[in-house]
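Data first, discussion second: the structure below is written as structure tokens.
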Number of protein chains: 2
Amino acid sequence: MGRLDGITVTATDQLSVVFAALADPTRRAILDRLAEGPATVSEIAEPFAMTLPAVSKHLKVLERAGLISRGRQAQWRPCRLEAEPLRPAAGWMSHYQVFWGQRRKLTP
Amino acid sequence: MGRLDGITVTATDQLSVVFAALADPTRRAILDRLAEGPATVSEIAEPFAMTLPAVSKHLKVLERAGLISRGRQAQWRPCRLEAEPLRPAAGWMSHYQVFWGQRRKLTP
DNA sequence: TGGTTAATTAACTGACCGGTAAATTACGGT
DNA sequence: ACCGTAATTTACCGGTCAGTTAATTAACCA
């Protein structure tokens, strides 16, 4: 994502990573689940019609975005929500608050 | 995105489309630009180190997300911000506010 | 009519994404 | 030591994405 000086640069910017992580219904559902408390990978995977490795990949995306953290208890890897990265994302959006609610007044 | 009954379904859900549109720094910069008023495609493209067709594609992504609309004046196609789709996205995020602090930044 | 400017479309490329199946790692219980 | 369970890694597939160049459409103007 993004191109500078002819060299493609893989988006390292945090906002892009966070929004990209949120751009998938499965991952949002995982965050919703974790909002109710920590859970193991199998517990997280249970409601979804996909294999465990697929869920594992989603968790990796969320982890790289800083939206979850993982501990270790025996062979279980409990995941917990880390909402802090949502703050700058919501902050970016908040600048647009003035535009939603009513139609813009402008002279085209 | 998402799988139902063995058939992969390309994410039609609005939240995913909006977050995906925001997951690119160029597109966010375009929205930032449009927050200051409507602009033509060439005006929008000017600050970016990429070709006009590339910008045109970004605009199409934003348009499909409902985040911009386009008019027509002669050969110019003025774009304007349409912030309404940001509301449900911000609304989804707002549920997590409690996890990153008690301060309220977004209206529900 | 033809020419100029604005913007999109078409065709192509390389990288990434979401998913799978199969193999592998890591730990606990007996 | 072995087996079972939890989870990740590897290798692969088809589709999408961000960008390019070249061709095309659309409108104005002389």
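Naming: A, B, ... by sequence-line order, numbering from 1 per chain. Fair warning: this is a prediction, and the values are worked out from it, not measured in the lab.
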Please state whether the phosphate of D/dG19, meaning OP1 or OP2, lies under 4.0 angstrom from any side-chain nitrogen or oxygen of B/Thr51.
-> no

A/His58 side chain N/O closer than 4.0 Å to the phosphate oxygens (OP1, OP2) of C/dC17?
-> no

Using atom CG of B/Asp13 as one end and atom P of C/dG18 as the other, report the distance to the nearest whole Å.
-> 13 Å

Are the charged groups of B/Glu63 and B/Lys60 less than 4.0 angstrom apart, N to O?
-> no

Whole-Å distance between C/dC17 C1' and B/Phe19 CZ?
-> 18 Å

At under 4.0 Å between heavy atoms, which parts of nucleotides 7-13 of chain C does protein reach? Answer with one letter per nucleotide, 5' to 3': B base, S sugar-phosphate only, - none.
-> BBB-B--

Where each residue is assigned the nucleotide of DNA chain C containing its nearest heavy atom, which of A/Gln73 and A/Val61 is assigned the position nearer the 5′ end?
-> A/Val61

Just by distance, do the side chain of A/Arg27 and the backbone of A/His58 share a donor-acceptor pair under 3.5 Å?
-> no

Apply salt bridge (charged side-chain N to carboxylate O under 4.0 Å, His left out) to B/Glu43 and list each qualifying residue two or more places apart in sequence or on a separate chain.
-> none

Grab the CG-P distance between B/Asp24 and C/dC16 for me, whole Å please.
-> 14 Å

Answer with base, sugar-phosphate or nothing: what part of the nucleic acid does A/Ala54 contact at a heavy-atom distance below 4.0 Å?
-> base

Main-chain N/O of B/Gln75 paired to B/Arg77 side chain as donor or acceptor, under 3.5 Å = yes

Mind calculating the distance between CE (A/Met50) and P (C/dC17) to the nearest angstrom?
-> 16 Å

For A/Arg72 and C/dG28, give me the distance from atom CZ to atom C1', rounded to whole Å.
-> 12 Å

Any donor-acceptor pair under 3.5 Å linking the side chain of A/Ser94 with the backbone of A/Gly91?
-> yes

Which residues pass the salt bridge (charged side-chain N to carboxylate O under 4.0 Å, His left out) test with B/Arg33, sequence neighbours left out?
-> none

Value in whole Å for how far the P atom of D/dA7 lies from CD1 of A/Ile30 | 13 Å

